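Structure first, then comments.
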Amino acid sequence: MRILGFLVFLLAQAQQETLQPVATMKQLMVDIIHPASNEILLFVSRGSSQDDKEWDRVRRSAITLAESANLLTMRGRARDQGEWMKDAKLLADVGAAAYKAAEAKDAKALAALSESLDRSCTTCHKQYRPNVFPRAGDSK
Ligand code: HEC
């Protein structure tokens, strides 16, 4: 009986793991993460707005970024369980903070986040896109 319970447990585990990444890393960046961060950064650089619809877009982009960080940590996407996870967390945290700012329509708080938003991208890119950010001494 105990063995049967264990087998059921294993089966449930296996079923949980049937969800696979759909987008490639590049698609995730180009079609989800980059447009969302662009929306926020452009909004800030335009000096924000009083328009509710624009704030709605910023709010949606912020939650998109925060949850995209989770997508980056999926099995099949995460490159390792150390630095990659930390880098993804930077994106999750700044996305969540931007969401709060957008919900409160707090332009100042949002503007204060643009640097950490930018940094959340480059921190990971510096480590995991060596063709774009060659390490010192590389011939490329
Ligand atoms: C945890 C790691 C990580 C984070 C965080 C991250 N990226 Fe990326 N990004 C990558 C990797 C890896 C690639 C290379 C993808 C490939 O070519 O396979 C990439 C590639 C890209 C590309 C180029 C895609 C192409 O055309 O080849 C863009 C644009 C991009 N990222 C935007 C962003 C922006 C904007 C952010 C922040 C809001 C961000 N990324 C955050 C890992 C990350």
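Just so it is clear, the model here is predicted, and its values are computed rather than measured.
For the atom pair T122 OG1 and R119 CZ, the distance stands at 7.5 Å (nearest 0.5 Å). One distance of note links SG of C124 with CZ of R79; it measures 8.0 Å at 0.5 Å rounding. Atom CG of N38 and atom OG of S45 lie 9.0 Å apart (nearest 0.5 Å). The distance from the OG atom of S49 to the CZ atom of F43 is 5.0 Å, given to the nearest 0.5 Å.
At a threshold of 4.5 Å between side-chain heavy atoms, the hydrophobic network of Ile, Leu, Val, Met, Phe, Trp and Tyr places I32 and V94 in one connected group. Both L113 and L41 are part of a single hydrophobic cluster, where members link through side-chain heavy atoms under 4.5 Å apart. The hydrophobic clustering, which links ILVMFWY residues whose side-chain heavy atoms are closer than 4.5 Å, places Y128 and I33 together. Both L91 and V44 sit in one connected hydrophobic cluster of ILVMFWY residues. Membership requires side-chain heavy atoms under 4.5 Å apart, directly or through other members. By the rule that hydrophobic residues join a cluster once side-chain heavy atoms approach within less than 4.5 Å of another member, Y99 and L117 end up as members of separate clusters.
For the residue pair S61 and I40, the shortest heavy atom distance occurs at CB-CG1, 4.0 Å. The two residues G95 and L65 come nearest to each other via the heavy atoms CA-CB, 4.3 Å. In this structure, P21 and M74 approach most closely via the heavy-atom pair N-CE, 3.7 Å. The shortest heavy-atom contact between L72 and W84 is O-NE1, 2.9 Å.
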Candidate pair H34 and E39, rule side chain to side chain contact (heavy atoms under 4.5 Å, CB included), full reasoning: CA-CA 9 Å; H34 193 245; E39 177 87 45; over 6 Å; no
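Each salt bridge (charged side-chain N to carboxylate O under 4.0 Å, His left out) pair with one or both residues in residues 24-35, not counting sequence neighbours, would appear here, but there are none. Applying the salt bridge (charged side-chain N to carboxylate O under 4.0 Å, His left out) rule to pairs touching residues 96-105 yields D52-K105, sequence neighbours excluded.
Here the side chain of S114 pairs no donor or acceptor atom with the backbone of L110 at under 3.5 angstrom. Looking only at distances, a side-chain donor or acceptor of T64 sits under 3.5 Å from a matching main-chain atom of R60. Judged purely by atom type and a 3.5 angstrom limit, R77 uses its side chain to pair as donor or acceptor with the backbone of L71. Under the 3.5 Å distance criterion, the side-chain polar atoms of E54 are left unmatched by any main-chain donor or acceptor of D51.
With sequence neighbours left out, the side-chain contact (heavy atoms from CB on, under 4.5 Å) criterion links A92 to A69.
For the pair Q127/D87, a side-chain contact is recorded, criterion being any heavy-atom separation below 4.5 Å from C-beta on.
The pair D56-K53 does not count as a salt bridge, with every side-chain nitrogen at least 4.0 angstrom from each carboxylate oxygen. Between E83 and K89 there is no salt bridge, since none of the side-chain N atoms of the basic residue sits less than 4.0 Å from a carboxylate O of the acidic one.
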